[in-house]
Amino acid sequence: MAYDFFSSLNAHPYEVMLKNVILKDIDTEQGGIILDLVDVIAAIYCCDITIARQIDHRRRFNICVPVTNPEMWGETKTILQELLSFVSKDDLSVNFIKEDKKLLIDRLSLNFPGFHNVSLLSGGLDSFCGAHQNIESGFKSIYCGYKINKFEQSKQTAIRNFVAAKHSDSLSYFFEKLNLEKIEPTQATRSLLFLALACAVAYTNDVKVIHIYENGVLSLNPVKNGRFTTKTTHPKTIKLFNELLSILKIDLKVSNPFQYKTKGEIINKLDEGFKAAIVNTHTCSLSRQNPHIFEKKKQCGFCIPCILRKISLASYDNEQFDVEYEVNYGAKLTDVTDAYQKVEYKSSLEYFKAYKQDIDNKTIYQTLGLKEMYYEDRDFLQKTDEMLSLFSQEVERYLVKYDIY
């Protein structure tokens with residue numbers, strides 16, 4: 001049960017993760033709901049990473065969370081269940097018990113007014129491009145990152161320092177990790193945890209907008225060739241999370257400004273200074289899950305995120321700004337001698353070939369599951385069509401350029 005998880009920490013998740021981030025006391029009724037939000041999503045995240053996923057098997061999370069207003073939280077059960085089912089393909093049974101909460105800081109209370117948004121700065125390439133977008137848009141921004149592991153922390157720090165130097169109208173924070181042993185590496189709910197933590201930062205800084213920057217292609221993330229795909233920034237996920245905030249009467253809004261953009265066009269709009277810092281960003285999902293498999297300074301180059309990164313840089317002739325991979329640019333399938341790497345390399349390439357084929361055949365919407373209710377834009381289909389058409393061209397350029405087969 002999740003309550004045992006709280007006991008094992010000897011603290012609530014909000015006390016662990018926000019202790020070096022929040023700059024003023026949270027001791028109001030609304031503030032209590034914000035702290036609840038962190039605890040509830042953290043309990044779900046705890047189950048996600050500590051319960052192994054079985055092939056073709058939906059896990060069931062049974063959690064009991066102490067909250068300040070059980071009656072209000074009782075109204076969120078359906079949304080929470082739908083959110084988890086969509087994002088990680090799991091089932092949720094949740095109950096709430098009454099407990100008062102507040103977070104008092106032991107230092108001078110500070111207030112920095114006038115920020116436009118709270119933005120994720122994860123150390124990944126898309127959120128890095130999001131920082132460039134914030135600067136170009138003239139936004140004052142607060143950047144938030146989540147400490148992942150020592151393997152990536154140096155890159156996160158380098159990106160954080162680079163953005164701070166470029167974006168003088170900004171603040172940045174890294175949330176503390178929960179001390180948990182990870183059993184399941186996919187971490188499908190990690191972005192939900194970030195959003196909950198970002199809500200706390202936004203609330204205490206009087207910010208109303210949270211930006212989670214993710215290219216539209218990976219946000220849609222259709223299931224192809226039996227590959228497990230998460231829906232962490234899918235339009236439906238963002239809609240459901242905003243509905244959760246509405247039920248809780250939290251006056252915040254989450255949005256993805258890149259939802260109609262390909263990764264390639266986002267990267268290509270970076271100035272030369274930002275492009276030169278791309279080498280400090282981390283994309284690879286396999287080295288994140290298994291940091292001891294590869295040399296510490298390398299990303300695999302054959303998982304789905306790495307292949308998308310290669311497609312996106314190569315299609316605009318930006319490879320010179322990228323990292324050196326375990327399986328580098330230009331590597332043909334016949335060049336890869338490791339059996340596991342070869343299978344994964346081929347599977348990831350086939351995923352994007354199938355994605356492109358469905359776009360070209362106009363059958364892609366059969367697997368995307370898009371609905372008008374997920375969008376605020378009336379012309380969302382036209383914008384999505386334009387993005388997917390461009391992505392198909394990017395895949396074609398990459399495949400022709402490197403002739404991998």
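Remember, it's a predicted structure, so these values are computed and weren't measured experimentally.
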Is it true that atom [atom1] of [X] has more than 12 heavy atoms of other residues, nucleotides or ligands lying nearer than 6.0 Å?
X: Lys346; atom1: NZ; value: no
X: Lys98; atom1: NZ; value: yes
X: Lys263; atom1: NZ; value: yes
X: Glu71; atom1: CD; value: no

So, for [X] and [Y], which heavy atoms are closest and what is the spacing to 0.1 Å?
X: Lys353; Y: Leu399; value: CG-CD1, 4.0 Å
X: Tyr213; Y: Pro257; value: CE2-CG, 3.4 Å
X: Tyr374; Y: Gly369; value: CE1-O, 3.3 Å

Kindly indicate whether a cation-pi arrangement holds for [X] with [Y], taking the cut-offs as under 6.0 Å to the six-membered ring centre and within 45° of the axis.
X: Lys236; Y: Phe86; value: yes
X: Lys310; Y: Tyr325; value: yes
X: Arg160; Y: Tyr173; value: no

Open item on the list: Could you walk me through whether Asp169 and Ile135 satisfy the side chain to side chain contact (heavy atoms under 4.5 Å, CB included) test, starting with their C-alpha distance in whole Å, then the side-chain angles of each, then the deciding distance to 0.1 Å, before giving a yes or no?
Closed with: CA-CA 9 Å; Asp169 287 336; Ile135 294 169; over 6 Å; no
TODO: Please say which of Asp385, Thr384, Asp377 ends up in a side-chain hydrogen bond (donor to acceptor under 3.5 Å, both in side chains) with Tyr260.
DONE: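 Only one option passes, and that is Asp377.
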Open item on the list: I'd like to know whether Glu394 forms a side chain to side chain contact (heavy atoms under 4.5 Å, CB included) with Ser392, so could you lay out the CA-CA distance, the side-chain angles of the two residues, the decisive distance to 0.1 Å, and finally the verdict.
Closed with: CA-CA 5 Å; Glu394 292 171 355; Ser392 175; over 6 Å; no
- [ ] Please name the residue in the list Arg58, Arg60, Arg59 that meets the salt bridge (Lys or Arg N to Asp or Glu O under 4.0 Å) test with Asp90.
- [x]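 Single pass found, and it is Arg59.
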Open item on the list: What I want to find out is whether Glu82 reaches Lys239 closely enough, with some N-O distance under 4.0 Å, to be called a salt bridge.
Closed with: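 The answer is no: the pair does not qualify as a salt bridge.
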